[in-house]
K.L.:
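The structure under discussion is supplied below as structure tokens; questions concerning it will follow.
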Amino acid sequence: MTTETETAQLEVWVDQDLCTGDGLCVQYAPEVFEFDIDGLAYVKDSAGELLQSPGVRTDVPAHLRLEVIDAAKECPGDCIHVVRSRDDVEVAGPDADDA
């Protein structure tokens, strides 16, 4: 059975104010997350460009959906937010219903 989280278009962003620099997100999904020189994690766009503006979101590639959700759930800083694009409901991260 396929859940909506597995099929809905998702976006992700990192709250750098809460990032602890542990790097779990980069290990889970290096195509989506990357450290900057400040030692904090940021998201990357589909071309691999680091997005450094606070609160900027990027689309979650379908093939990395579960890795990005796992990164949000395991993040020690609770700083990764994964939201459904269509209604902005957080499906993983500190504001998700299952958090």
Side-chain angles (χ1 to χ4, degrees):
M1 183 173 171
T2 303
T3 66
E4 186 179 10
T5 301
E6 293 172 327
T7 59
Q9 178 59 47
L10 303 177
E11 296 175 328
V12 62
W13 64 281
V14 175
D15 183 344
Q16 282 77 30
D17 289 337
L18 299 175
C19 181
T20 58
D22 285 273
L24 289 176
C25 58
V26 176
Q27 291 175 2
Y28 274 103
E31 299 93 334
V32 177
F33 302 103
E34 184 176 315
F35 283 123
D36 197 12
I37 58 172
D38 60 7
L40 302 177
Y42 292 82
V43 293
K44 299 189 284 188
D45 65 16
S46 60
E49 293 295 317
L50 203 60
L51 304 175
Q52 297 171 298
S53 298
V56 70
R57 299 176 178 187
T58 193
D59 291 331
V60 176
H63 69 283
L64 293 173
R65 198 171 303 222
L66 294 178
E67 288 85 347
V68 170
I69 289 170
D70 285 345
K73 289 180 177 180
E74 298 298 322
C75 176
D78 281 332
C79 65
I80 300 171
H81 299 266
V82 183
V83 298
R84 280 193 310 247
S85 299
R86 69 174 161 78
D87 59 8
D88 246 17
V89 169
E90 187 155 316
V91 297
D95 298 329
D97 284 339
D98 67 339

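Owing to the predicted nature of the structure, the values given are computational and were not obtained by experimental measurement.
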K.L.:
For Ala41 and Cys25, work out which heavy atoms get closest and say how close.
P.N.:
CB-SG, 3.6 Å
K.L.:
Does Val83 share a hydrophobic cluster with Phe33, counting links as ILVMFWY side-chain heavy atoms below 4.5 Å and allowing steps through other members?
P.N.:
no
K.L.:
Is Val56 linked to Val26 within one hydrophobic cluster, defined over Ile, Leu, Val, Met, Phe, Trp and Tyr using a side-chain heavy-atom separation of less than 4.5 Å?
P.N.:
yes
K.L.:
What is the distance from atom CG of Asp78 to atom CG of Asp95, rounded to the nearest 0.5 Å?
P.N.:
9.5 Å
K.L.:
Looking only at heavy atoms, which two atoms of Ala29 and Val68 are closest? And how far apart?
P.N.:
CB-CG2, 4.1 Å
K.L.:
How is the hydrophobic cluster of Tyr28 composed, in terms of its other members, when Ile, Leu, Val, Met, Phe, Trp and Tyr link through side-chain heavy atoms under 4.5 Å apart, directly or indirectly?
P.N.:
Leu24
K.L.:
For Glu67, check salt bridge (Lys or Arg N to Asp or Glu O under 4.0 Å) against everything at least two apart and list the hits.
P.N.:
none
K.L.:
Looking only at heavy atoms, which two atoms of Asp22 and Pro76 are closest? And how far apart?
P.N.:
OD2-CG, 3.3 Å
K.L.:
Within the distance-only criterion (no hydrogens, no angle test), does the side chain of Arg57 pair as donor or acceptor with the backbone N or O of Val43 below 3.5 angstrom?
P.N.:
no
K.L.:
Suppose we screen for side chain to side chain donor-acceptor pair (under 3.5 Å). Which residues come up paired with Asp17, at least two apart in sequence or across chains?
P.N.:
none
K.L.:
Could you tell me whether the side chain of Asp87 and the main chain of Val89 form a donor-acceptor pair under 3.5 Å?
P.N.:
yes
K.L.:
Do Leu40 and Phe35 have side-chain heavy atoms sitting under 4.5 Å apart?
P.N.:
no
K.L.:
When rounded to the nearest 0.5 angstrom, what distance separates CG in Leu64 from CG in Leu10?
P.N.:
11.5 Å
K.L.:
Please list all pairs passing the ring-ring contact (aromatic ring centres under 6.0 Å, His included) test where one or both residues lie in residues 62-97, with sequence neighbours left out.
P.N.:
Trp13-His81
K.L.:
If you take all heavy atoms of Ile80 and Ala71, which pair is closest and at what distance?
P.N.:
CD1-O, 3.7 Å
K.L.:
Can you list every salt bridge (Lys or Arg N to Asp or Glu O under 4.0 Å) pair that touches residues 39-51, not counting sequence neighbours?
P.N.:
Glu34-Lys44
K.L.:
For the CD atom of Gln16 and the OG atom of Ser53, what is their distance to the nearest 0.5 Å?
P.N.:
9.5 Å
K.L.:
Go through the structure and list residues passing side chain to side chain donor-acceptor pair (under 3.5 Å) with Asp59, not counting sequence neighbours.
P.N.:
none
K.L.:
In Å, rounded to the nearest 0.5 Å, how long is the span from OG1 of Thr58 to OH of Tyr42?
P.N.:
15.0 Å
